[in-house]
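Here is the structure we will look at.
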Amino acid sequence: MQYFPIFLDLNDQDCLVIGGGVIAARKAASLVKAGARVLTVCPDVSPEMQELIDAGTVTHAKRLFQDEDVEGRILIIAATDRREVNQHVTELAHARSIPINVVDKPEDCTFIVPSVIDRSPVQVAISTGGASPVLARLLKAQLEAFIPAAYGRLASLVESYRERVKQRFDSIRKKRLFWESVLDGQVAQLLFSGREVAAKEALEHALEEGKELEHHGEVYLVGAGPGDPDLLTFKALRLMQQCDVVVYDRLVSPAILEMVRKDAERIYVGKARANHAMQQENINELLVRLAKEGKRVLRLKGGDSFIFGRGGEEIDTLTQEGVLFQVVPGITAASGCTTYAGIP
């Protein structure tokens, strides 16, 4: 391991950015987002940096760098286009044991800035050790799909209950089992589907009962799009990875099915002219039965569930039976196919 991964608390700490270009502005904005007090030193600044200065989030010294600028700094970023300035700043920082990042020169850095997936308070940092920032960004793009924004709200909810859970359970094991049931159960699912009040009520109830949460079944009606996995939504991918059973149609491509959780049970209910693997009424009943068994049921349809599909009939039945469900739209094949063909 070339670098030791660490998260620094920069809140109300003095940091220095030397340079005023676009890259320097990005670095300064990240420091400001972490709560740092940022001084930028540069005779001229880019429009991006000027926006930060005008907003009052960054202090600007309109001059050349001076040695005393490094004094009292917790962290330094050298982002000028003058190699001799960057080198001089590096020497000053090393002599004072101040962490420094020199843009595009990892050999002079004592820390590097990773690509970050920010779901505050949840953060995921990705680094290639400076070998390929572009690769780090590509990995970030792939991971974004599996870490929905709701994880931040889930973490905040958990944080607000930590002390009460500590007081409620008398062993580490009991606390761990309780939190596992919360983070991989009904509370998380309610929060992910936008039902925050219900999620909090479920957590309150579980805490009062002093036991792990029971898992309730639910149906996910997901549009699989015209067959290209790259056209799936982030939410569709997340639900495909957490389902217990998938009920899928004839038009769902093999490439899409490959992205479903590997150990999920697969039930084919495809319909073609004069050849129905299962009648629609039976499909509706199947979804209800599986959900009432406590399973997370992925109802996967080609295109969009409500365009040339019978998703409406399915949710009518689920509603009548009191079964929870989520609907995730997909790109309808009517649009996807014409797009592939270049037809506006």
Problem - Cation-pi check, R168 onto F178 ring (under 6.0 Å, within 45° of axis) - result: no

Practice task
Report yes or no: do L92 and I74 belong to one cluster of Ile/Leu/Val/Met/Phe/Trp/Tyr joined by side chain heavy-atom distances under 4.5 Å?
Solution key: no

Practice task
Please lay out, stage by stage, how D69 and R63 fare under the test salt bridge (charged side-chain N to carboxylate O under 4.0 Å, His left out).
Solution key: CA-CA 11 Å; D69 289 331; R63 55 172 171 77; 2.7 Å; yes

Problem - Heavy atoms from other residues, nucleotides or ligands near CD of E159 exceed 12 (cutoff 6.0 Å) - result: no

Handout entry: E84, CD: over 12 other non-hydrogen atoms inside 6.0 angstrom
Key = yes

Practice task
Determine, stepwise, if the pair V58 / V17 fulfils side-chain contact (heavy atoms from CB on, under 4.5 Å).
Solution key: CA-CA 10 Å; V58 169; V17 175; over 6 Å; no

Exercise for the section: Indicate yes or no: at least one non-hydrogen side-chain atom of P133 is less than 4.5 angstrom from one of S115. Expected result: no

Exercise for the section: Quick one: pull up CZ in R261 and CZ in R296 and give me the separation to the nearest 0.5 Å. Expected result: 5.5 Å

Problem - Straight-line distance of I147 CD1 to D118 CG, nearest 0.5 Å - result: 11.0 Å

Fill in the blank from the handout: One should read off an interatomic distance between L287 CG and L318 CG, to the nearest 0.5 angstrom, of 6.0 Å

Exercise for the section: Give a yes or no on this: more than 12 heavy atoms of other residues, nucleotides or ligands lie within 6.0 Å of atom CZ of R96. Expected result: yes

Practice task
Would you please test R82 and L64 for side-chain contact (heavy atoms from CB on, under 4.5 Å) and show each step?
Solution key: CA-CA 11 Å; R82 297 174 60 190; L64 295 173; 3.8 Å; yes

Practice task
Would you confirm whether E265, through its side chain, and D244, through its main-chain N or O, come within 3.5 Å as a donor-acceptor pair?
Solution key: no

Practice task
Flag the pair K140 / E144 as yes when at least one side-chain heavy-atom distance between them is below 4.5 Å, and no otherwise.
Solution key: yes

Completion exercise
G19 and C42 have their tightest heavy-atom pair at C-CB, 3.7 Å

Practice task
Mind listing the closest non-hydrogen atom pair of P229 and G227 along with its distance?
Solution key: CD-O, 3.4 Å

Exercise for the section: Output yes when a side-chain donor or acceptor of T40 lies under 3.5 Å from a complementary backbone atom of H60, and no otherwise. Expected result: no

Handout entry: Heavy-atom side-chain proximity of I283 to R299 below 4.5 angstrom
Key = yes

Exercise for the section: Determine, for R164 against E204, whether the closest basic-nitrogen to carboxylate-oxygen distance falls under 4.0 angstrom. Expected result: yes

Problem - Contact check, side chains of Y268 and V252, non-hydrogen atoms, under 4.5 Å - result: no

Exercise for the section: Count the heavy atoms of every other residue, nucleotide or ligand shown that sit under 6.0 Å from CG of D104, and state whether that count exceeds 12. Expected result: no

Practice task
Report the C-alpha distance between V41 and Q66 in whole Å, list the side-chain angles of each, state the deciding distance to 0.1 Å, and finish with yes or no for side-chain contact (heavy atoms from CB on, under 4.5 Å).
Solution key: CA-CA 9 Å; V41 179; Q66 298 173 1; over 6 Å; no

Problem - Pair F325 and Y220, ring centroids less than 6.0 Å apart - result: no

Exercise for the section: Would you please test E201 and H205 for side-chain contact (heavy atoms from CB on, under 4.5 Å) and show each step? Expected result: CA-CA 6 Å; E201 290 174 351; H205 178 71; over 6 Å; no

Practice task
Mind checking the CD-CD spacing from Q242 to E218? Nearest 0.5 Å is all I need.
Solution key: 8.5 Å

Practice task
Please report the closest heavy-atom contact between G72 and D14, naming both atoms and the distance.
Solution key: O-CB, 3.9 Å

Problem - Cluster check V122, L191: I/L/V/M/F/W/Y, side chain < 4.5 angstrom - result: no

Handout entry: Salt-bridge present (K200, E196; N to O < 4.0 Å)
Key = no

Completion exercise
Residues C243 and A264: closest non-hydrogen pair is O-CB, 3.8 Å

Problem - L190 with L203, same ILVMFWY side-chain cluster at under 4.5 Å - result: no

Handout entry: ILVMFWY cluster, L154 and Y161 together (side-chain gap under 4.5 Å)
Key = yes

Exercise for the section: Using distance alone, with no hydrogens and no angle criterion, decide if D67 and H88 have a side-chain donor and acceptor under 3.5 Å apart. Expected result: yes

Practice task
Check the side chains of Q280 and N284 for a donor-acceptor pair under 3.5 angstrom, ignoring hydrogens and angles.
Solution key: yes

Practice task
Would you mind reporting whether N101 and K27 have side-chain heavy atoms less than 4.5 Å apart?
Solution key: yes

Practice task
Please confirm whether the backbone N or O of L251 pairs with a side-chain atom of D249, one donor and one acceptor, at under 3.5 Å?
Solution key: no

Practice task
Could you walk me through whether K166 and E163 pass salt bridge (charged side-chain N to carboxylate O under 4.0 Å, His left out), step by step?
Solution key: CA-CA 5 Å; K166 285 181 181 179; E163 289 302 319; 3.6 Å; yes

Practice task
Give the minimum heavy-atom separation between I98 and T110, together with the two atoms involved.
Solution key: O-OG1, 4.2 Å

Handout entry: Rounded distance [0.5 Å steps], CD1 in I112 versus OH in Y3
Key = 4.5 Å

Handout entry: Side-chain heavy atoms of L52 within contact of V38, under 4.5 Å
Key = no

Practice task
May I ask you to test the D108-I100 pair for a side-chain heavy-atom distance under 4.5 Å?
Solution key: no

Problem - CD1-CG distance between I77 and N86, expressed to the nearest 0.5 angstrom - result: 11.5 Å

Fill in the blank from the handout: Closest heavy-atom pair, K262 versus R266, reported as atoms and distance to 0.1 Å, is O-NH1, 3.7 Å

Practice task
Give a yes or no on whether F234 and V116 share a hydrophobic cluster (residues Ile, Leu, Val, Met, Phe, Trp, Tyr; joining criterion: side-chain heavy atoms under 4.5 Å apart).
Solution key: no

Exercise for the section: Check the surroundings of atom NZ in K105: do more than 12 heavy atoms from other residues, nucleotides or ligands lie under 6.0 Å from it? Expected result: yes

Handout entry: Side chain proximity check, L8 to Q13, heavy atoms < 4.5 angstrom
Key = no

